[in-house]
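The structure under discussion appears below in the form of structure tokens.
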Amino acid sequence: MDNEAVFLSRLTGFGLSEKEAQLYLHLLKYGPKTPSPLAKSLHTYREDVHRTLTSLIEKGMVRPSLDSPTVYAAVDLDTALGSALQKQESELREMETRKRELQELSKQQRFRPSDEVSTFKIIKSIKELIAVMLPVINSLHEDWTMLLPAVAAVIGAQFGVDEAAYEFVKRGGRVRMMINISYPIAKITQGYLDNGIEVRHFGQEGINFTIFDKRICISAISADVTRISPNESIAALWTDDPTYARYLLSTFETLWKQSIPAAERIEELIKAGPPQAGTAEHQRS
Amino acid sequence: MASGTIIESVKDAIAVASTIMESAEKEILWLLPPAMLVFGAQYGLDEKSKMLIEKGGRVRGVTAISGTYRDIVRKHLEIGEDVRHVDQYRGAFMLVADKRESISSLNVSIEDLSLDDRVVAFWTDDSSYAEYLIATFEDAWKEAVDAKKRFQEL
């Protein structure tokens, strides 16, 4: 490892993220800078540089100038590490207190919000998944929330899940969906929008879950479906645990803010046209 | 009866992981972003892992090893953990002890994680949930490469 990598590694050991360490080292090496040249040198966006600078200022490792345009300077290493150390020490004390509180809570068994029995079970095929989902959708009262892989759009259309969702919207229910919208499913997605489903584009696969009426959830950490048939194997978790539902909902709300409106994404895809043969986008589709 | 709770910050997640590791008797599995290992070391989690290994337990872990995090991974190997490297992992992150107690999260940013970040994680001692996480861990483990091999590549 070269000296620079060792230096960065030591900085992350002081609680800095990789980006913070790189930016701080850059300012130390090349002197005070405005965000634009920093973004250029670090091959990132200005917004990203701003976020990292704000975090470094909070940590006492960077100081902004008072004049305009604002120039950012690295605080000298000794002072910076001293303040980082102080912050860590106070966090350690804080965490020890939290740990004692958690242990106390655990002893009192106060985690469970009620005495109802909740269950977890594993679903092993698409057939089983559809069989579990359809009766739940038909008896939904308020809302249905989901984060799905692109392939789910095709499965939903084939197995009547879409129709059940549209019926639910007609009954006054709210359906929110985040999905990785690519060109082949743009039309299906437009169909969701036309039928009153709120849809946003989330470009990351690997995390999939759905929550019915803030109670029943199905999640699949690694649903890598290659063929769309009822007997295709999956590993999904079904539960009616309300705490787990709150956990997934909270995750959903965080990701919802990071996603983009489906209409915007569809317009973008249509403008770009179908993926060209041989491109990565074409292979994915 | 199994129970569960939601954790909402990186700091609380580390405090919970610390409690889980302390109570482990046989085995710990972890699949974590590398920044979590740095935070874990700062708060003594590697010491708890070392104690478990010294009394005959086994610890296996999967993470994304880059040049920046080579030293921290080396420390985990030195205390006797089996560590592997995975590229481009986008699923849930987790720590599971004795096939029962676990903490997992679906929305941890792997690229840039700081101690002050907000995360949403889930703690439970439900063994079915642990089984579900373990299945995911084992898939990642099979696809991952040995940490020492990864060091050579770096």
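Being a predicted model, the structure only gives us computed values, none of them experimental.
- Looking at B:Ile14, both its backbone and its side chain come within 4.5 Å of chain A, counting heavy atoms on both sides.
- Residue A:Glu94 touches chain B through its side chain alone, counting heavy-atom pairs closer than 4.5 Å.
- With a 4.5 angstrom heavy-atom cutoff, A:Leu248 touches chain B only via side-chain atoms.
- Only the side chain of B:Ser9 comes within contact range of chain A, with heavy atoms under 4.5 Å apart.
- The only member of B:Thr63, B:Val62, B:Ile65 that meets side chain to side chain contact (heavy atoms under 4.5 Å, CB included) when paired with B:His85 is B:Ile65.
- Both tests pass for A:Arg200 against the ring of A:Trp256: distance under 6.0 Å to the centre and angle within 45° of the axis.
- A donor-acceptor pair under 3.5 Å links the side-chain atoms of B:Thr136 to the main chain of B:Tyr132, judged by distance alone.
- Heavy atoms of B:Ser104 lying under 4.5 Å from chain A belong to its backbone as well as its side chain.
- A donor-acceptor distance shorter than 3.5 angstrom exists from the side chain of A:Asn208 to the backbone of A:Ala220, with no hydrogens or angles considered.
- No side-chain heavy atom of B:Val16 sits under 4.5 Å from any side-chain heavy atom of B:Phe122.
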